[in-house]
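Heads up, the thing below is written out as structure tokens.
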Protein chains: 4
Amino acid sequence: MAEVFHPNIPIYLQLIESVKRKIVSGELSPGQRLPSVRDLAQTYEVNPNTAQRALAELEREGLVYSERTAGRFITNDGGLIEMTRTELAKEQIENFITEMQRLGFTNEQLLQELEQKLKKEERQDERK
Amino acid sequence: MAEVFHPNIPIYLQLIESVKRKIVSGELSPGQRLPSVRDLAQTYEVNPNTAQRALAELEREGLVYSERTAGRFITNDGGLIEMTRTELAKEQIENFITEMQRLGFTNEQLLQELEQKLKKEERQDERK
Amino acid sequence: MAEVFHPNIPIYLQLIESVKRKIVSGELSPGQRLPSVRDLAQTYEVNPNTAQRALAELEREGLVYSERTAGRFITNDGGLIEMTRTELAKEQIENFITEMQRLGFTNEQLLQELEQKLKKEERQDERK
Amino acid sequence: MAEVFHPNIPIYLQLIESVKRKIVSGELSPGQRLPSVRDLAQTYEVNPNTAQRALAELEREGLVYSERTAGRFITNDGGLIEMTRTELAKEQIENFITEMQRLGFTNEQLLQELEQKLKKEERQDERK
DNA sequence: GTGGTCTAGACCACC
DNA sequence: GTGGTCTAGACCACA
């Protein structure tokens, strides 16, 4: 079944995000072949132009490269993947800080709460 | 102006979230009157029934109370608001941890990254 | 505003019940004049025939008597009122027993629960 | 065949009561499947939305749980059922006391009358 | 087929 | 005007 997209955010950007995450999480490995634009469009139930635009952008960022006739592949540039990973993490972190501040937490408090939660998790893991 | 809703998440739940956040963040103060069901429905461009459902749920949770003909008001129970704030924070924290782990960060790493980011923020604030 | 009647129970019976209760509870005193059929019908928003039927029945039971031109009056027969009171009480008691048995209570249990509740009530009264 | 509802009491509340009673009285057993929303609505001659609302509320109280495509089932939590039974009994008792007091009975008297009635019932049972 | 959500529009009681 | 209830009918995901 198709993923569902957020309204008010361009679909091609969401598509890029989706593929990026699969790359940095290792779900898609370096050198692996991507489905064709047509297939991608069908999978995501999206206009082929939209899929094309997303892939072009990923290519521009270097995460994907195309070989004329063979199709598109995930980059082998581990450093770039790592950079992308860092970038996505940065977004998560900034978003987290923003949301916690909206809830009235100071930086010290949110850090403290996070540490507590992590400690609690570890304790549960030990029990298992 | 209408807010836009996420697809595949019930609108009434998103409405609840939206109002909850405004309450815990202080944007809506205890005792303050909420817009009427009809106004809220119009603001969010949603059916009055859907708005009614969301408000009824908030009332069930005690964050809001209704006075027959006068309208709905934010609870004066500061403790409850505080509890809700804690709960929302917990969700943010858990979500943050999950997302960072999906990106391949260990607990130590994500904590470290967060601390760095916070320190950087502080330095920027000092410069201003 | 008009009382509201249960469906599926003849309205005139409900009217009779309503007046009976007012008599035995003392809300209507012996010898007191009742409103005219026409007024009663209007008060209860009921067809005058229905009100007439109810009053006729109350008269048959002796709780009400009519003086040709002066109207209808509550009986002065204290004994009869007392009997009616007993009868209504009997209905309440039977209904109570039935309902409690439906909930799976034995006679001993329902008696015990009732006693406990009454004791609790008394204790609260003493505190005041 | 359709049940008939009291006027001026929300139908969905009466629906809830009706199902609750069937659960606590054992007419509906733990784990047993309930009719579908649509069937219930038809049985009670009520809009599906209204039936849905009642069932959702029962679910919120934990007396019922739903399995996506299979239907709704009575909870297996005997303790909860017991609690509900106690609660319903409490309502019956309070209502009984109120009504008897309205008829001018003191607590001692109403207790006495109830005991007499129960003894009379037992004697009748023995004769059979 | 199931539960769940949503809209459109109506009616009511309260004041 | 307010909140609250109800109906009629639609659409969706799940399996």
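Chain A is the first sequence line, chain B the second, and so forth, proteins listed ahead of strands; every chain is numbered from 1.
Among the nucleotides F/dT2, F/dC14, F/dC6, the one closest to the side chain of D/T69 is F/dC14. Side chain of B/P10, nearest nucleotide from E/dT5, F/dC6, E/dT2: E/dT5.
Not one side-chain nitrogen or oxygen of D/T50 sits closer than 4.0 Å to the OP1 or OP2 atom of F/dT5.
Atom CZ in B/R53 sits roughly 13 Å away from atom P in F/dT5 (whole-Å rounding). The distance from atom CD1 of B/I11 to atom P of E/dT5 is 11 Å, rounded to the nearest whole Å. Residue D/R60 contributes atom CZ, which lies 18 Å from atom C1' of E/dG3 at whole-angstrom precision. The distance between atom OH of D/Y44 and atom P of F/dT7, rounded to the nearest whole Å, is 14 Å. Atoms CD (D/E59) and C1' (E/dG3) sit 9 Å apart, rounded to a whole Å. If you measure from atom CD of D/Q52 to atom C1' of F/dC11, you get 14 Å, rounded to the nearest angstrom. At whole-Å resolution of the value, CD in D/Q14 and C1' in F/dC6 are 13 Å apart. Distance CD (D/E57) to P (F/dT5): 10 Å, rounded to an integer number of Å.
Salt bridge D/R85/D/E82: present, at least one basic N to carboxylate O contact under 4.0 Å. Here B/E57 pairs with B/R60 in a salt bridge; the nearest charged N to carboxylate O distance falls below 4.0 Å.
Interface remark: the B/R68 side chain does not form any donor-acceptor pair with the F/dG1 base, using a distance-only criterion of under 3.5 Å. The base of E/dG9 is not paired with the side chain of B/N47 by any donor and acceptor separated by under 3.5 Å.
When the nearest nucleotides of DNA chain E are assigned to B/I9 and D/S36 by heavy-atom distance, the more 5′-ward of the two goes with D/S36. Nearest-nucleotide assignment on DNA chain E puts the 5′-proximal partner with B/Y12, out of B/Y12 and B/R38.
With a 4.5 Å cut-off on side-chain heavy atoms, B/E61 and B/L80 do not count as touching. Residues A/L114 and B/I97 meet the side-chain proximity criterion, which asks for heavy atoms closer than 4.5 Å.
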Item checked: Dot-bracket summary - DNA chain E, pairs being Watson-Crick or G-U whose distances fall under 3.5 Å, with | when paired to another strand -> ||||||||||||||.

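Between B/Y44 and B/T50, the side chains place no donor N or O within less than 3.5 Å of an acceptor N or O (distance only, hydrogens not considered).
Summarising the geometry, atom CG belonging to A/L34 is positioned 6.0 Å from atom CG belonging to A/L28; distances are rounded to the nearest 0.5 Å. Rounding to the nearest 0.5 Å places CG of D/D77 at 9.0 Å from CE of D/M83.
If you check every strand for non-hydrogen atoms under 4.0 Å, D/E67 touches nothing.
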